Amino acid sequence: MEIEETKGTLENPERILEQMEPFMQLMMKYRCALMEVETKLNVLNEEFAMQHNRNPFEAIKSRIKTPTSIIEKLKRKGYELTIESIEQNLFDIAGIRVICSFQDDIYSIAKMLTSQDDIILLQEKDYIKNPKQNGYRSLHLILDIPIFLAKEKKHMKVEVQFRTIAMDFWASLEHKLKYKKNIDNPESVMLELKECADVISATDKKMQSIRDTIEKNMI
């Protein structure tokens with residue numbers, strides 16, 4: 001079903017409602033998929049805390065893309081404005097960000113999550129081992145997960161991003177700064193941001209080393 005933008009369509013409210021229902025149904029399914037993944041992550045957090053006497057997560061944040069963002073991305077990528085196109089081409093409609101204490105916790109939890117037999121790992125992008133040019137670091141996973149509705153089992157896609165506290169701090173500030181207009185010497189600013197990202201990464205590794213030393217001495 002083709003998605004029409006709302007501008008200029010108020011004269012035909014029935015047409016708007018016809019399009020809204022399947023779209024809202026799809027968004028409901030994405031919300032259900034988020035709940036499934038969040039539940040799995042919370043269970044893993046509890047188990048990890050029991051085994052290691054500490055929680056690997058600092059926070060879990062989830063979101064569904066807005067209709068405007070969905071339409072803009074479809075158009076930018078050259079995809080059709082249809083419900084079917086959303087499901088087939090956009091993998092980040094439902095997103096979860098997991099903020100971890102340490103880098104090795106990221107890989108431990110990600111491995112536990114993707115090892116579960118009802119989850120299919122569709123795509124992995126490791127921007128921790130291979131940072132983006134601007135210094136961005138994060139582990140991105142695209143997961144296929146089933147949801148169980150009253151009359152059907154439906155496979156949905158969810159993007160999960162894992163970051164340390166420091167990585168999330170840097171990414172949040174970089175996101176705000178890159179949309180500032182009329183910046184003098186933008187190349188210099190980008191270089192400084194890259195340097196900050198490198199310092200933060202070094203700090204992450206140092207903090208993990210300190211934690212490892214403390215835990216060894218506690219044995």
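From a predicted model like this one, the values you see are computed outputs, not experimental measurements.
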Q: Dump the intermediate steps for side-chain contact (heavy atoms from CB on, under 4.5 Å) on K77 and N89, then the final yes or no.
A: CA-CA 9 Å; K77 296 288 187 178; N89 299 309; over 6 Å; no
Q) Going through the distances and angles, do C32 and M156 end up as a side-chain contact (heavy atoms from CB on, under 4.5 Å)? A) CA-CA 9 Å; C32 291; M156 305 299 296; over 6 Å; no
When hydrophobic residues are tied together by side-chain contacts of less than 4.5 Å, even through go-betweens, does [X] share a cluster with [Y]?
X	Y	value
M24	I70	yes
I147	F23	yes
I119	V43	no
F91	L113	no
V189	F169	yes

Q | side-chain hydrogen bond (donor to acceptor under 3.5 Å, both in side chains) assessment of Q103 paired with T164 | A | CA-CA 6 Å; Q103 281 192 29; T164 64; 5.9 Å; no
Taking side chain as C-beta onward, heavy atoms only, is [X] less than 4.5 Å from [Y]?
X	Y	value
W170	C196	yes
F48	R54	yes
L121	L143	yes
E159	Q161	yes
Y30	E87	yes
I99	R97	yes
S85	L74	yes
M167	I128	yes

[X] side chain to [Y] main-chain N or O, any donor-acceptor pair under 3.5 Å?
X	Y	answer
N134	Y136	yes
N53	A49	no
S172	D168	yes
T114	A110	yes

Q. Run the side-chain contact (heavy atoms from CB on, under 4.5 Å) check on V98 and I96 step by step: do they pass?
A. CA-CA 6 Å; V98 184; I96 295 179; 4.0 Å; yes
Inspect the surroundings of [atom1] in [X] and state if more than 12 heavy atoms from other residues, nucleotides or ligands are less than 6.0 Å away.
X	atom1	result
M207	CE	no
E80	CD	no
Q51	CD	yes

Ignoring hydrogens, what is the shortest heavy-atom contact between [X] and [Y]? Give both atom names and the distance.
X	Y	value
G135	A197	O-CB, 3.4 Å
R63	I93	NH1-O, 3.0 Å
I106	L139	CG2-CD2, 3.8 Å

Q.
Checking K129 against Y107 for the side-chain contact (heavy atoms from CB on, under 4.5 Å) test, could you report, in this order, the C-alpha distance in whole Å, the side-chain angles of both residues, the deciding distance, and whether it holds?
A. CA-CA 11 Å; K129 294 179 180 177; Y107 292 106; 3.4 Å; yes
(Q) Checking K40 against D118 for the salt bridge (Lys or Arg N to Asp or Glu O under 4.0 Å) test, could you report, in this order, the C-alpha distance in whole Å, the side-chain angles of both residues, the deciding distance, and whether it holds? (A) CA-CA 11 Å; K40 287 177 176 293; D118 59 342; 3.0 Å; yes
Looking at [X] and [Y], does any basic side-chain N land under 4.0 Å from a carboxylate oxygen?
X	Y	result
K194	D198	yes
E36	R31	no
R163	D204	no

Q: Indicate the ring-plane relationship of Y127 and H140, choosing parallel, tilted or perpendicular according to the 30° and 60° boundaries.
A: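 Aromatic pair Y127/H140 classed perpendicular.
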(Q) According to side chain to side chain donor-acceptor pair (under 3.5 Å), who are the partners of E152, at least two apart in sequence or on a separate chain? (A) K29
How many angstroms lie between atom [atom1] of [X] and atom [atom2] of [Y], to the nearest 0.5 angstrom?
X	Y	atom1	atom2	value
H52	M50	NE2	CE	12.0 Å
L41	E46	CG	CD	12.5 Å
I165	T203	CD1	OG1	12.5 Å
K205	I210	NZ	CD1	14.5 Å
D105	F162	CG	CZ	10.5 Å
K157	I86	NZ	CD1	12.0 Å

